[in-house]
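A short worksheet on the structure shown next.
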Amino acid sequence: QIRDAKTPTAQREALIADVLRELNATLTQVCGKHDAARVVQSCYKFGTPEQRERLVGALISGDGGGGGGAGSGAGGPLELARSHYGHKVLLA
């Protein structure tokens with residue numbers, strides 16, 4: 001429904017807010033999966049400027065989960081850039 005042109009803007013914003021809230025803890029982890037990376041790309045494409053800022057901030061800071069120990073760099077932008085599908089999120 002996020003990508004559907006017939007979805008009203010208010011409903012689309014609410015859907016994106018729900019998706020971002022659900023993926024908040026595991027955002028960088030799910031960006032490594034094909035289907036989830038497409039969802040995140042759609043959230044960026046159709047989101048409000050505030051939602052985009054929040055999304056980019058979470059991806060850049062690596063606060064979207066990803067696991068890994070101290071100093072491992074897991075979950076950060078470098079790990080996303082190395083990921084097969086995650087780098088497509090960064091390009092979006």
Side-chain angles (χ1 to χ4, degrees):
Q1 287 183 335
I2 291 174
R3 293 173 38 186
D4 187 4
K6 296 177 184 177
T7 303
T9 305
Q11 183 181 0
R12 181 179 289 135
E13 288 177 13
L15 288 169
I16 291 172
D18 289 344
V19 169
L20 293 179
R21 187 171 37 279
E22 290 293 323
L23 295 181
N24 189 36
T26 58
L27 185 61
T28 52
Q29 251 181 345
V30 299
C31 285
K33 296 175 177 49
H34 176 262
D35 50 350
R38 294 291 302 257
V39 170
V40 173
Q41 289 174 28
S42 295
C43 287
Y44 182 81
K45 181 176 180 179
F46 297 109
T48 65
E50 293 82 19
Q51 290 171 329
R52 290 179 185 177
E53 281 184 38
R54 204 170 86 208
L55 180 61
V56 170
L59 291 173
I60 297 297
S61 69
D63 286 344
S72 69
L78 183 58
E79 194 65 32
L80 272 178
R82 291 179 178 163
S83 168
H84 184 70
Y85 296 109
H87 79 278
K88 295 177 190 285
V89 172
L90 293 178
L91 291 174

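Heavy-atom basis, side chains included; hydrogens, waters and symmetry copies ignored. The chain is numbered in sequence order, starting from 1. Remember, predicted model here, so these are calculated numbers, not experimental data.
- Taking CG from Leu55 and CD from Gln41, the interatomic distance works out to 10.5 Å, rounded to the nearest 0.5 Å.
- Looking only at distances, a side-chain donor or acceptor of Gln51 sits under 3.5 Å from a matching main-chain atom of Glu13.
- Listed by first and then second residue, the salt bridge (charged side-chain N to carboxylate O under 4.0 Å, His left out) pairs that reach into residues 48-59 come to none, sequence neighbours excluded.
- Sorted by first and then second residue, the salt bridge (charged side-chain N to carboxylate O under 4.0 Å, His left out) pairs involving residues 16-31 (not counting sequence neighbours) are Asp18-Arg21.
- Take Val39 and apply the side-chain contact (heavy atoms from CB on, under 4.5 Å) test, not counting sequence neighbours, and it matches Val19, Cys43.
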